[in-house]
Amino acid sequence: RAAFYSDNPVGGFPADPSALSTMSDPPPPWSDSKVQSEFRLDYQPIVSLVDGKISAFEALVRWLHPQRGMISPVEFIPLAEETGLITSLGWWILREACCQLRAWQESFPQAIPVTMVVNLSAIQLMQLRVKEQIQLILHETGVDSRYLKLEITESGLMENVDATIELLEQLKALGIQLSIDDFGTGYSSLGRLHYLPVDTLKIDQSFIRRTTFEEESWEIVQTIITLAHNLNMTVVAEGVETPEQLARLKYLGCDYGQGYLFAKPLSSANATTLLMTNPQW
Ligand code: C2E
Ligand code: CA
Ligand code: CA
Ligand code: CA
């Protein structure tokens with residue numbers, strides 16, 4: 001078992017998948033084959049509110065359990081975090097998303113500026129040699145770091161700010177983009193925000209949802225947009241569902257939108273079709 005993992009900086013899957021077949025032990029419970037058969041990624045477009053074009057896709061993991069059917073990531077990600085299985089699952093997700101991006105770049109030249117956004121769990125960030133593992137995946141999939149954006153929740157970031165800042169700086173130095181997810185829900189110390197080398201704030205969808213029946217919620221949205229711009233960050237509104245929300249977000253100068261108004265998370269095939277049609281909202 002020790003030899004099996006030795007090539008791999010952070011554990012989980014062997015860097016060389018052929019190592020699986022030469023292994024005499026049974027595969028670990030969260031094995032490569034289990035992940036490949038039961039997990040998949042959907043992709044949801046993130047749209048520029050300036051030109052209405054697809055700017056990025058966010059990879060969102062899905063678990064199709066053989067008995068229980070589709071299980072939401074809201075249920076199984078916290079479980080995977082508690083058990084530590086998030087490490088191997090998380091690296092599979094990053095690799096799969098990078099493979100998808102590379103495939104798009106190869107098939108459609110117009111897709112090249114599209115960024116792939118991948119969620120990283122705070123638990124993953126605390127592993128050893130995170131930077132090396134990310135570098136390895138970029139190298140193996142042939143993805144240029146500037147087209148990868150890693151998204152970390154505000155609460156995850158703030159748990160261990162000082163250690164995290166150093167890691168984020170290393171990732172920035174590689175050319176990777178960084179985004180803070182669920183912004184506004186994690187009680188960050190605002191004073192710390194400008195120390196974080198992040199490119200983007202993502203306004204939590206609860207604020208956007210509330211704007212429909214609570215005019216005052218627009219004040220919060222506007223404040224986050226201003227805050228992001230004052231810190232030289234771009235801002236994404238998540239959970240955009242209505243044309244009214246879109247119009248108001250544009251008026252407030254929000255840079256990007258994501259939500260059912262544009263598209264739900266799509267299978268790889270459907271995301272590919274959408275990308276091919278080069279839509280404009
Ligand atoms: P998140 O990162 O905040 O992702 C956005 C969630 O909002 C997704 O739910 C997406 O399907 C949903 N959503 C997008 N637009 C709309 C909209 O207009 N209306 C509504 N009502 N919902 C919208 P999903 O895919 O169920 O993921 C839930 C959460 O699970 C994610 O929240 C993220 O925290 C976690 N998650 C998903 N995939 C991954 C992953 O690959 N790695 C990690 N670490 N966490 C993941
Ligand atoms: Ca996210
Ligand atoms: Ca979010
Ligand atoms: Ca969320």
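None of the values given here were measured: they were computed from a predicted structure. Sequence positions, counted from 1, serve as the residue numbers for this chain. We count ligands from 1, going down the list as the structure has it; atoms in each ligand are counted the same way.
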Check whether any side-chain N or O of Glu151 sits under 3.5 Å from a backbone N or O of Leu178 as a donor-acceptor pair, and report yes or no. no
Looking only at distances, can you tell me whether any N or O atom of Tyr260, backbone or side chain, sits closer than 3.5 Å to an N or O atom of ligand 1? yes
Numbered atoms of ligand 1 (with element) below 4.0 Å of Gly239, judged on heavy atoms: 16 (C), 17 (C), 18 (O)
Is there a side-chain hydrogen bond (donor to acceptor under 3.5 Å, both in side chains) between Glu214 and Ser217 once you walk through the steps? CA-CA 6 Å; Glu214 222 180 73; Ser217 284; 3.0 Å; yes
Evaluate the salt bridge (Lys or Arg N to Asp or Glu O under 4.0 Å) criterion for residues Arg210 and Glu215: first the C-alpha distance (whole Å), next the side-chain angles of each, then the deciding distance (0.1 Å), finally the verdict. CA-CA 8 Å; Arg210 259 178 257 147; Glu215 174 64 25; over 6 Å; no
Using a 4.0 Å heavy-atom cut-off, which part of Leu60 comes near ligand 1: side chain, backbone, both, or neither? both
I want to confirm something. Looking only at heavy atoms, which of Asp181, Ile152, Ile123 is nearest to atom 2 (O) of ligand 1? Asp181
Are Phe39 and Phe76 close enough that their ring centers fall under 6.0 Å? yes
Pairing of Glu169 and Lys131 as salt bridge, 4.0 angstrom limit: no
Any sub-3.5 Å donor-acceptor pair from Gln245's side-chain atoms to Thr242's backbone N or O? yes
Counting both backbone and side chain atoms, is some N or O of Arg209 under 3.5 Å from an N or O of ligand 1? no
Gln124 side chain to Ser121 main-chain N or O, any donor-acceptor pair under 3.5 Å? yes
Does the distance from a Lys or Arg side-chain N to an Asp or Glu carboxylate O, for Arg40 and Asp42, drop under 4.0 Å? yes
Residue-ligand contact Arg62/ligand 1, heavy atom below 4.0 Å: yes
State the atoms of ligand 1, each with its element, that fall below the 4.0 Å cut-off from a heavy-atom position in Gly259. 15 (N), 18 (O)
Heavy atom under 4.0 Å from ligand 1: found in Glu238's side chain, backbone, both, or neither? side chain
Shell of protein N/O/S atoms around the Ca ion (ligand 2), taken as anything under 3.0 Å: Glu58 OE2, Asn119 OD1, Glu151 OE1, Asp181 OD2
Here the atoms of ligand 1 under 4.0 Å from any heavy atom belonging to Pro265 are 11 (O)
Please state which option from Thr153, Leu41, Ile208, Asn119 has its nearest heavy atom closest to atom 42 (N) of ligand 1. Asn119
Would the distance check show the side chain of Glu241 and the main-chain N or O of Arg209 forming a donor-acceptor pair, the cut-off being under 3.5 Å? no
At less than 4.0 angstrom from any non-hydrogen atom of Val74, what atoms of ligand 1 do you find? 28 (C)
Are the charged groups of Lys53 and Asp51 less than 4.0 angstrom apart, N to O? no
If I apply the N/O under 3.5 Å rule, does Ile77 come out as touching ligand 1? no
So does Lys202 pair up with Glu58, basic N to acidic O under 4.0 Å? yes
So if I count the atoms of ligand 1 from 1 in the order they appear, which ones are less than 4.0 Å from some heavy atom of Asp182? 3 (O)
For atom 14 (C) of ligand 1, which of the options Glu151, Gln245, Gln44 provides the nearest non-hydrogen atom? Gln44
Is ligand 1 less than 4.0 angstrom away from at least one heavy atom of Glu58? yes
Parallel, tilted or perpendicular: which describes the rings of Trp104 and Phe57, with under 30° parallel and over 60° perpendicular? tilted
Minimal non-hydrogen separation, Pro265 against Leu60, with atom names: CG-CD1, 3.7 Å
Donor-acceptor pair, Asp199 side chain versus Gln177 backbone, under 3.5 Å? no
With only distance considered, is Gln205 within less than 3.5 Å of ligand 1 through an N or O on each side? yes
